[in-house]
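Structure, as structure tokens:
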Amino acid sequence: MRLLWPVGCFGRRIVRHFSQVARPGGEELSRLLLDDLAPTQRLERLFGLSPCLLALRADRRSVTRLLLQAGKAGLQGERTELLRVAEARGIPVLRPRRQKLDALCGHQVHQGVCMEVSPLRPRPCDEATEASPGDDPQQLWLVLEGLQDPRNLGAVLRSAHFLGVDRVITSRRNRHGRPLSGGGAKFLSTLGCPLTPVVSKASAGAMEVMDVFATTDLAGFLKAKAQQGWLVVGTVGCPGPEISQSFKVPITSCLEFIWDRPTLLVLGNEGSGLSQEVLASCQLLLTILPRRQLPPGLESLNVSVATGILLHSICSQKKGFSAQTEKGQLPQDT
């Protein structure tokens with residue numbers, strides 16, 4: 001008996017014959033549909049193995065179709081799970097040509113996996129439930145003011161999820177498109193990057209399983225939390241003596257910070273850092289001190305790298321902190 005293998009060519013279905021030696025994934029691949037892959041409206045194309053698999057597991061997006069390539073070894077491991085979950089939910093599974101999939105994914109590294117999905121939006125900040133500050137003194141929320149680079153945002157979300165941050169808050173416009181503050185156009189730069197497929201890929205899919213919240217009034221949010229007993233901690237690059245004297249808020253090394261109360265850790269824009277309005281809401285500023293003299297231009301770290309260092313420095317103080325594997329462990333990112 002010989003296996004029939006459907007291959008697309010100019011919109012037609014061609015049948016090729018292969019030997020009866022079972023190819024891994026052959027049975028699954030025989031069920032895949034061929035399609036012209038006409039563009040769809042009001043959808044995003046999520047790409048990469050981990051983001052797509054975690055999105056299916058989390059079941060928070062509507063999925064229109066799964067685009068899947070098998071590779072030389074056929075479908076194995078997590079790709080097989082992708083196919084089976086999609087089929088169980090009645091999601092059409094298509095096998096596009098490599099060039100077409102490259103184009104659909106904007107020539108990003110898609111690992112042969114792409115899904116057309118509904119967008120994932122941040123939740124309103126007032127839905128961010130919390131324990132009373134007196135019940136758990138070691139709550140940690142990460143607040144992001146105006147991160148613009150989607151890869152930075154994705155890396156930050158991955159670190160936050162890995163290290164056990166309780167909530168992530170971002171800044172955004174209100175529904176009428178107005179600035180975040182009555183201060184005018186100078187605050188427009190505080191608007192953050194949306195939760196795009198590029199962010200999800202950079203997060204290795206962590207964005208698909210964690211809640212991200214957004215506020216249109218970041219300074220007001222910080223002031224309200226401070227009144228509730230939270231410590232609002234901002235971040236700055238390595239300060240020289242003249243910079244340290246210009247700040248009214250005390251600056252301390254992250255290695256000297258003691259986490260003994262619910263804390264909001266606030267990180268700013270890649271270029272301009274925290275806005276003056278947000279700085280005025282901070283009660284303390286953390287910095288990462290270098291281990292050598294640095295030439296001009298190298299006084300600070302990439303925001304995603306700095307976030308990982310700061311979060312680990314703080315979260316390692318948590319009682320019972322360990323490297324135990326959680327049920328929602330991320331798949332291996334390759």
Side-chain angles (χ1 to χ4, degrees), residues 28 32-71 75-123 147-162 168 170 172 192-214 304 328-334:
E28 288 85 358
L32 300 187
L33 304 175
L34 295 174
D35 188 84
D36 288 335
L37 298 179
T40 55
Q41 302 297 322
R42 299 179 182 177
L43 294 173
E44 293 181 340
R45 292 189 178 99
L46 189 66
F47 57 90
L49 180 56
S50 291
C52 291
L53 181 55
L54 286 169
L56 279 180
R57 289 175 179 170
D59 198 19
R60 300 196 297 178
R61 297 181 186 256
S62 298
V63 182
T64 300
R65 52 187 179 177
L66 169 64
L67 314 178
L68 187 61
Q69 291 182 330
L75 287 179
Q76 293 179 330
E78 291 166 344
R79 285 176 172 78
T80 302
E81 181 182 350
L82 267 173
L83 176 61
R84 290 174 179 169
V85 172
E87 287 188 330
R89 296 182 186 174
I91 299 170
V93 182
L94 313 174
R95 182 163 55 88
R97 304 172 185 86
R98 175 60 185 265
Q99 294 85 347
K100 186 69 174 181
L101 189 57
D102 288 345
L104 288 172
C105 296
H107 300 280
Q108 304 277 356
V109 180
H110 51 69
Q111 300 171 291
V113 180
C114 175
M115 290 197 312
E116 290 180 342
V117 297
S118 60
L120 198 60
R121 309 292 188 197
R123 295 171 56 187
L147 263 66
Q148 300 293 306
D149 188 325
R151 290 174 179 81
N152 276 339
L153 178 56
V156 165
L157 293 178
R158 185 176 187 178
S159 294
H161 185 67
F162 184 86
V168 175
T170 64
R172 68 175 182 184
C193 173
L195 300 180
T196 66
V198 175
V199 175
S200 186
K201 182 64 168 67
S203 75
M207 188 187 92
E208 304 299 322
V209 299
M210 64 190 300
D211 287 323
V212 178
F213 300 86
S304 63
Q329 182 182 11
L330 300 178
Q332 184 67 32
D333 183 43
T334 56

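As the structure is a prediction and not an experimental result, all values here were calculated from the model.
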Report task. Using a strict 4.0 Å threshold on nitrogen-to-oxygen distance, state whether Glu208 and Arg57 make a salt bridge. Result -> no
Requested in this report: Could you check Leu153 against Leu195 for side-chain contact (heavy atoms from CB on, under 4.5 Å), going step by step and ending with a plain yes or no?
Outcome: CA-CA 9 Å; Leu153 178 56; Leu195 300 180; 4.3 Å; yes
Query - Atom of Gly48, atom of Lys201 and distance for their closest heavy-atom approach - result: CA-CE, 3.8 Å
Query raised in the report: Which residues satisfy the salt bridge (charged side-chain N to carboxylate O under 4.0 Å, His left out) test with Asp59, sequence neighbours excluded?
Result: Arg89
Requested in this report: Not counting sequence neighbours, which residues clear side chain to side chain contact (heavy atoms under 4.5 Å, CB included) with Ala155? List them please.
Outcome: Ser304
Query - With sequence neighbours excluded, residues passing side chain to side chain contact (heavy atoms under 4.5 Å, CB included) with Arg123 - result: Glu127, Asp211, Phe213
**Report entry** Closest heavy-atom pair and its distance - Gln111, Leu49
**Finding:** OE1-N, 2.9 Å
Query raised in the report: How close do Val168 and Ala160 get, heavy atom to heavy atom, and via which atoms?
Result: CG2-CB, 4.2 Å
Query raised in the report: Where is the tightest heavy-atom contact between Ala202 and Arg158, given as atom of each residue plus distance?
Result: O-CD, 4.4 Å
Query raised in the report: Above 12 or not: heavy atoms from other molecules or residues under 6.0 Å from CZ of Arg61?
Result: yes
Query raised in the report: How far does CG of Leu120 sit from CE of Met207, to the nearest 0.5 angstrom?
Result: 5.0 Å
Query raised in the report: What residues form a side-chain hydrogen bond (donor to acceptor under 3.5 Å, both in side chains) with Asn152, not counting sequence neighbours?
Result: Glu270, Asn302
Query raised in the report: With sequence neighbours excluded, what pairs up with Pro119 under the side chain to side chain contact (heavy atoms under 4.5 Å, CB included) test?
Result: Glu44, Arg121
Query - Close side-chain approach of Met115 to Leu56, heavy-atom, < 4.5 Å - result: yes
Requested in this report: Drop me the distance from Leu94's CG to Arg65's CZ, to the nearest 0.5 angstrom.
Outcome: 5.5 Å
Query raised in the report: What is the minimum heavy-atom distance between Val209 and Ala58, and which atoms define it?
Result: CG1-CB, 4.4 Å
Query raised in the report: What residues form a side-chain hydrogen bond (donor to acceptor under 3.5 Å, both in side chains) with Thr170, not counting sequence neighbours?
Result: none
Query raised in the report: What pairs with Ser62 under side chain to side chain contact (heavy atoms under 4.5 Å, CB included), at least two apart in sequence or on another chain?
Result: Ser118
Query raised in the report: Can you tell me if Ser159 uses its side chain to pair, donor with acceptor, with the backbone of Val156 under 3.5 Å?
Result: no
Report summary line: Nearest heavy-atom contact between Ala55 and Leu46 is CB-CD2, 3.6 Å
